[in-house]
Each structure stands twice: as C-alpha cells, then as structure tokens.
Amino acid sequence: MAHRQPLAKVKGRLRIRNHLARQCLAEFLGVFVLLFLTQGAVAQAVTSGENKGNFFTMFLAGSLAVMVAIYVSGNVSDALQNYTGGNLTVTGPRETASIFATYPAPYLSLNNGFLDQVLGTGILIVGTLAIVDTRNKGVPAGLEPVAVGLLILAIGLSLGVNCGYPLNPARDLGPRLFTYVAGWGPEVFSAGNGWWWVPVVAPLVGATLGTATYQLLVALHHPEESEPAQDLEFALHKASVLETPASVRLPQ
C-alpha cells in the first residue's frame with residue numbers, strides 16, 4: 001500500500017481538473033492516432049509504387065485507425081525523399097501530396113465530388129447513430145468502435161475511389177495546411193479545380209442531413225415507454241378472454 005502513495009501524489013499533481021481540457025487532450029491524441037495510421041498506410045502504398053500496399057490496404061488501415069482512435073480517445077521520412085527525388089509535387093506520376101490530404105480523381109467534377117462527400121458522410125452518420133442507439137438493435141457494449149470501423153471500411157470500398165472519402169474536415173484540412181508549409185506549396189489548394197473546400201464543407205452538410213434522416217425515419221418512431229405496457233395489458237386481456245368459457249362469453 002505504501003508504494004501506491006507516491007503514485008497517487010503524482011497522479012494528483014498531473015491530473016487536469018478542467019473537463020474541457022481533458023476532452024481536448026483525448027481528442028488530440030485520438031486524431032493523432034487516426035492520421036498517423038491512415039497516412040502511414042497511404043505513404044507505404046504510394047512510395048512503394050503499390051508494391052507494398054494498394055487501395056484495399058489503405059482503406060482497411062483507415063478503418064482500423066478510426067477504430068483504434070475511438071478506443072484511444074473515448075516528419076517526412078527518408079523514403080518520401082527517395083521516392084520523389086526531393087521534388088514535392090501535388091500532381092504527376094510521382095506526386096506525394098495525396099499521402100496527407102485527399103484529391104479528386106481526374107474524372108470527378110466539383111459538383112459530383114461534393115455529392116460524393118455528402119452521401120458518404122450521411123451514410124456514416126446514419127450508421128453511427130444506429131450503432132450507438134440503445135433503443136435500436138445496437139451492438140455489444142465495448143464493440144461500438146469495431147462496428148464503426150467496419151462501417152467506414154464499407155464506405156471506403158464503395159466510394160473511396162472517387163476522392164479517398166475524407167468524410168471529416170479534420171482528416172483533410174489539417175494535413176493540407178501541413179503540406180502547404182512543408183514544401184508542396186499553394187498548389188495543394190488550387191489542385192482539382194480548387195478541390196480543398198469540398199472535404200471541409202460537404203461533410204458538414206452530409207452530417208446534418210444524415211442526422212436528420214435517422215431522426216425522422218428511425219429515432220422518432222421508436223415505441224414510447226408506455227407502449228410496451230399497453231401491449232402487455234392488451235395481450236393479458238386477450239388471453240383472459242380466450243380462457244373464459246364460451247357460455248360465459250355469449251351475449252346477454
């Protein structure tokens with residue numbers, strides 16, 4: 001017991017009392033884990049010419065990264081320099097900017113890309129709300145992050161080819177700002193016909209629509225607390241009627 005007292009003192013001194021500050025620290029660590037794992041998988045695939053990774057491994061790593069980041073919170077490597085020859089480019093066969101932020105496929109217009117992100121984020125929010133909704137089927141306690149990770153994997157495998165399915169402004173804007181100051185330059189904002197704002201705005205729209213959709217089509221129609229009792233009372237009444245002799249049930 002004595003050896004626990006110094007640990008308790010250290011914990012008491014290091015523990016942050018402000019609830020908001022604790023939440024910010026946890027969120028910071030969660031986002032760090034998310035981006036570290038996601039971008040690490042993309043970097044491995046891009047810098048190896050997809051010899052040591054492909055679209056599936058990137059999507060799978062991103063999904064697992066979300067799962068780990070939820071559990072956690074609830075420098076440019078030499079390989080990059082060797083791959084690019086020291087030229088940090090946003091477009092072309094040896095571009096590396098897409099390791100950090102998302103960019104549209106050549107065939108994808110801004111309008112279609114915006115719709116892609118609205119739909120993708122909307123599906124993510126609908127699925128997430130269903131997973132955490134205790135009045136719905138739900139999942140076993142503690143497995144919510146696993147279910148969310150599988151949901152994101154499904155979205156990535158169905159929509160990821162268009163623009164990498166950022167689905168979250170924090171996933172795209174922060175890394176894009178990093179590439180801007182780290183040597184890739186202003187082209188990270190002009191590439192893709194000024195694509196940069198789509199992963200910032202469209203997920204906000206999609207999240208709003210997804211929330212409204214789930215609330216209007218599912219959540220608002222859950223049985224009221226009194227409805228099970230009413231159903232039970234009706235069932236008991238029906239059972240008592242069936243058990244009553246037919247002679248008693250004849251009209252007077």
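Atoms considered below: every heavy atom in the structure, side chains included; atoms not considered: hydrogens, waters and symmetry mates. On a predicted model such as this, the values are computed, not experimentally measured, just so you know.
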- Name the orientation class of the two ring planes belonging to Phe100 and Phe178 (parallel below 30°, tilted from 30 to 60°, perpendicular beyond 60°). tilted

- Task: Kindly write out the residues that satisfy side-chain contact (heavy atoms from CB on, under 4.5 Å) with Leu64, not counting sequence neighbours, or none if the list is empty.
- Result: Leu60, Met67

- Set of residues satisfying side-chain contact (heavy atoms from CB on, under 4.5 Å) with respect to Pro199, sequence neighbours excluded: Thr102, Pro166, Asp172, Arg176, Trp195

- Query: What residue pairs, at least two apart or across chains, pass side-chain hydrogen bond (donor to acceptor under 3.5 Å, both in side chains) with a residue in residues 27-40?
  - Reply: none

- Message: Side chains of Ser98 and Glu95: any donor to acceptor distance under 3.5 Å?
- Response: yes

- Query: Distance only, no hydrogens: is a donor on one side chain within 3.5 Å (strictly under) of an acceptor on the other, for Asn162 and Tyr107?
  - Reply: yes

- Message: If you count heavy atoms of other groups shown closer than 6.0 angstrom to CG of Asn193, is the number above 12?
- Response: no

- Task: Would you tell me whether Asp133 and His222 have side-chain atoms, one donor and one acceptor, within less than 3.5 Å of each other?
- Result: yes

- Just jot down the ring pair (Phe, Tyr, Trp, His ring centres under 6.0 Å) partners of Tyr180, sequence neighbours excluded, or say none. Phe189

- Linked hydrophobic residues, Ile125 as query - side chain contacts closer than 4.5 Å: Val126, Leu129, Tyr214, Leu217, Val218

- Query: If you take all heavy atoms of Ile99 and Val42, which pair is closest and at what distance?
  - Reply: CA-CG1, 3.6 Å

- Query: Between Val198 and Pro203, what is the shortest heavy-atom contact and its length?
  - Reply: O-CD, 3.4 Å

- Note on the structure: Members sharing Leu119's hydrophobic cluster, built from side-chain contacts under 4.5 Å between Ile, Leu, Val, Met, Phe, Trp and Tyr, are Leu115

